[in-house]
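Heads up, the thing below is written out as structure tokens.
The first residue of the sequence shown is numbered 1, and numbering continues consecutively from there. Both counts, for ligands and for their atoms, begin at 1 and track the order of listing.
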Amino acid sequence: MTDTMLSESLASARRRLTEALAAAGRPADAARLLAVSKTKPAGMIREAWRLGQREFGENYVQEALEKQAELADLEDIVWHFIGPLQANKTRAVAEHFDWVHSVDREKVARRLNDQRPEALRPLEVCLQVNVSGEASKAGIGFDELEDLAGKVLALPRLRLRGLMAIPAPADGLARQREPLARLRLALDALRRRFPEAPLDTLSMGMSDDLEAAVLEGATLVRLGTAIFGTRDTSRR
Ligand SMILES: *Cc1c(COP(=O)(O)O)cnc(C)c1O
């Protein structure tokens, strides 16, 4: 993808988000764009940064560390880890990311807390919820959410910001909205249960369901393909 194409696709992703927010009757700044740059080269991230994009999402620890090293001069870049997180990879994530969206068990949360360097601000985290109830998918069930949230809120080096989900693909706005509405209701319930917690984030909405997610209150939409083009799946 050329720089010109990236500039156009980023502009159209921004327009799409703006229009979705307007259609939902929400303020223009009620949701932000997270540019999902997995499998894409550091040069494309630099170009998106030059065009004003600041928040980037990565899924694979080693790949992300390599790109972060190349982009170390971009001081205000914000790195989000959004991929499956194994307990043996938590240290690199705790040291090199600002956000983690995929916390789904206590062991991982505790390790991130213990490994977060003192010199850095607390790590911003979301709990990943398995909204579609698929056995193979990562994320905790709704029934375990309150318990895990309570445990994460007790960890001083983590700040629990909200919930994240990757719903099973569905056709049509109404079907797409169902699992996203359940995530919104779960966040509302957590807010009532933990009124002091900084629970302001619904990380949901990807290239195929952004409009549905914005209608259901997404505050952080994660767009990969719509910004950077299709991924070479042979690499992953
Ligand atoms: C890859 C990925 C995205 C982006 O998906 P697109 O369909 O390319 O927009 C969003 N969230 C997560 C967790 C991902 O792994």
Sub-4.0 Å heavy-atom contact, H101 with ligand 1: no

Grab the two heavy atoms, one from L123 and one from F97, that are nearest each other, plus how far apart they are. CD1-O, 3.4 Å

Starting from atom 9 (O) of ligand 1, which protein heavy atom do you reach first, and at what distance in Å? S207 OG, 2.5 Å

Is ligand 1 under 4.0 Å from a heavy atom in the side chain of L223, in the backbone, in both, or in neither? backbone

Once you restrict to heavy atoms under 4.0 Å, what part of I166 touches ligand 1? Side chain, backbone, both or neither. side chain

What closest approach, in Å, do V221 and V214 show between heavy atoms, and which atom pair accounts for it? CG1-CG2, 4.2 Å

Heavy-atom closest contact (R46 atom, L74 atom, distance): NH1-CD2, 3.6 Å

Within 4.0 Å of some non-hydrogen atom of R222, the atoms of ligand 1 are 4 (C), 9 (O), 10 (C), 11 (N), 12 (C), 13 (C)

Heavy-atom side-chain contact between R184 and L202 under 4.5 Å: yes

Provide the number and element of each atom of ligand 1 under 4.0 Å from a heavy atom of N59. 14 (C), 15 (O)

Indicate whether the side chain of R222 and that of S203 have a donor and an acceptor atom separated by less than 3.5 Å. yes

Between A94 and R116, what is the shortest heavy-atom contact and its length? O-NH1, 2.8 Å

Contact atoms of ligand 1, heavy-atom distance to I82 under 4.0 Å: 11 (N), 12 (C), 13 (C), 14 (C)

Between M206, K38, H80, flag the one that comes closest to atom 14 (C) of ligand 1 by a heavy atom. K38

Heavy-atom closest contact (E55 atom, H80 atom, distance): OE1-NE2, 2.8 Å

What protein heavy atom sits nearest atom 8 (O) of ligand 1, and how far away is it? T225 OG1, 2.5 Å

Proximal atoms of ligand 1 relative to G224 (non-hydrogen, under 4.0 Å): 4 (C), 6 (P), 8 (O), 9 (O)

